[in-house]
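Structure first, then comments.
What you are looking at is a predicted structure, and each value in this text was computed from that prediction instead of being measured. Counting convention: from 1, in listed order, for ligands and their atoms alike. Quick note: numbers below take in every heavy atom, side chains included, and nothing from hydrogens, waters or symmetry partners.
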Amino acid sequence: MKPTSLFVASLCSLAASAQFNNPLAIPPALDQDTFDLVVDEHVHQFYPGVNTNTFGASAEYLGPTLIFHTGDSARIRVHNELGEMTNMHWHGLHVPGEFDGGPPREVMPGETWDVHYKVMNLAGTYWYHPHPHMMTAEQANKGIAGFIIVRDAEEAALELPRTYGVDDFPIVVQDRRFLTNGNFAFAPLGDSVLVNGTPRPYLQCPAQIVRLRLLNGSNARIYELGFENDQAFTVIASDGGLLNAPVSQNRIRLSNGERDEILLDLTGMEGDSLMLMSYGSELPTTVPGGLNILWEGSALNAIDFPVLRIRVGAPTAGAITSIPSTLGTAIPYDEALATNTRTKVLSGTGMIGFASFYINGHSFEMNVINDTIQLGAMEVWTIVNSSNMAHPFHIHGGSFYVLDRDGAAPPLWEQGAKDVVLMDVGDTVRVIMRFDDYTTDGWPFMYHCHNLFHEDNMMMAQYIVVDPNVAVSATKPLAELRVFPTPTRSTITYTAPFVATELLLMDRLGRIVLRQAGLRSSTGLVDMTSLTSGAYLLVVRSDEREVRTAVVRE
Ligand code: C2O
Ligand code: CU
Ligand code: CU
């Protein structure tokens, strides 16, 4: 059918067995109160003797892994030592607009941007990358990006691999094209694969269950990841943290900016080796990485190619040997409680050498606010792809849940918290998201296509969050407990400004009429259906803190 592709494919797999002898670089993991990220120009040798001009964050290429803890405050000083403007975005984190680091934030050469925010997200794999106006692709292509691993008590209580660099590994997959002078081409698609900046890498893993935190950090390429011989793996987390239960897969389609944490069971395989592949031949022609009818060619399009060799060594002491049957306890938002709906239509046409894509018919304009959202809102967004190409759709400001894909429930691995959703041609996807805690105070949040070339080509829009009760909104973290709706006839959702462990509902006489213990979330549901009408006091606690508010049962 596709003689050229098959020919290249067989060459690739022959080459695969002989090569992949470079030890995978593992960025240092830093767990500290204040992080200094020095963004600078470097020369790095991806291949011995070949100098490549790069950008990095306190590194020649990429940057350190930042370890955050839910409920703590994080402080990051971003020092711009580049000769051009930059900034930094904490992809997936629920932070105030002031520190979100979208295009309105400009950190000039020589400047330091002092960022500090409370870590509100649940345990999971997030990442940072620059987001300057029209220069995101260029700066990310040159190498500025890094992982953020958030840890929390709920995740820590599970028997999961979490020893960084031993049984728990960050894996960012990027494609690049090297020019004959050793530098990177500035192009959407490359023909060499780098993992954590290492070409043809291998990773030494112990013969036990290991955890891979997969991130697609590529400009435009989408990967259809799986292991050779269709060896099954277990997805445990999506963009915004743990799934509620593990999901066994033998493929995962990872679009730009998306993360999936997977467990791979290597028990009893000491001495073996296993290849992580991208099965590009299985991608539709509408997806960058599939057969190139819409975009420039690349030797990697539409073929199956190796990404990372796993070499299995001796197991460690205290190895994880089984997978918990339940994981997170996040409650997907209830559509019945949504306060507003919006529709976002992706349109436009891409072809070789020309592409122009829009959101609701518009290109990004820095001084146009496309959406105004009320603080505390829970919104359903219907995203429709009526263009001729797939787009990874990303919303800043936190996580959402996918309600449905073309009218059907999303696959299980897509049912956790997300911040990027891949929209193939013709797809209609409905997502539900909350806009809690922070008003925008002059610093809007973006939503955009995470194909970096589309993003820089204005396939982006922005929203602000306003508090209807405050004339001039201020960026301040929510100090109190929020409930919605009140009065209610049935269920309320609450949001506390910390991870709660216990919840009480008291009547007017101070009697406890309902108690939920063993919580590990800042948000949840309380069913008041069986209570008599009247006012109640909702008390939400952690070991150190307590907040209360009135709730009315109609
Ligand atoms: Cu990964 Cu607008 O971001
Ligand atoms: Cu983002
Ligand atoms: Cu796009």
- Message: Taking N, O or S atoms only and a limit of 2.8 Å, check whether H450 reaches the Cu ion (ligand 3).
- Response: no

- Query: Which of parallel (below 30°), tilted (30 to 60°) and perpendicular (above 60°) describes Y438 and H94?
  - Reply: tilted

- Going by the angle between their ring planes, with limits at 30° and 60°, are F46 and Y61 parallel, tilted or perpendicular? perpendicular

- Query: Name of the H454 N, O or S atom nearest the Cu ion (ligand 3)?
  - Reply: ND1

- Would you please classify the geometry between the F357 ring and the H391 ring as parallel, tilted or perpendicular, with 30° and 60° separating the classes? perpendicular

- Message: My understanding is that only one of V247, I171, L212 makes a side chain to side chain contact (heavy atoms under 4.5 Å, CB included) with I262; could you say which?
- Response: L212

- Message: Quick one: does any side-chain atom of N385 pair with a main-chain N or O of S347 as donor and acceptor, under 3.5 Å?
- Response: no

- Can you tell me the N, O or S atom of H91 that's nearest atom 1 (Cu) of ligand 1? ND1

- atom 1 (Cu) of ligand 1 to nearest N/O/S of H129 below 2.8 Å: yes

- Note on the structure: Answer key: the N, O or S atom of H394 nearest to the Cu ion (ligand 2) is NE2

- Task: Could you tell me whether atom 1 (Cu) of ligand 1 has an N, O or S atom of H396 under 2.8 Å away?
- Result: no

- Query: With under 30° as parallel and over 60° as perpendicular, where do the rings of F99 and H116 fit, or are they tilted in between?
  - Reply: tilted

- Message: So, of the N/O/S atoms that H391 has, which is the nearest one to the Cu ion (ligand 3)?
- Response: ND1

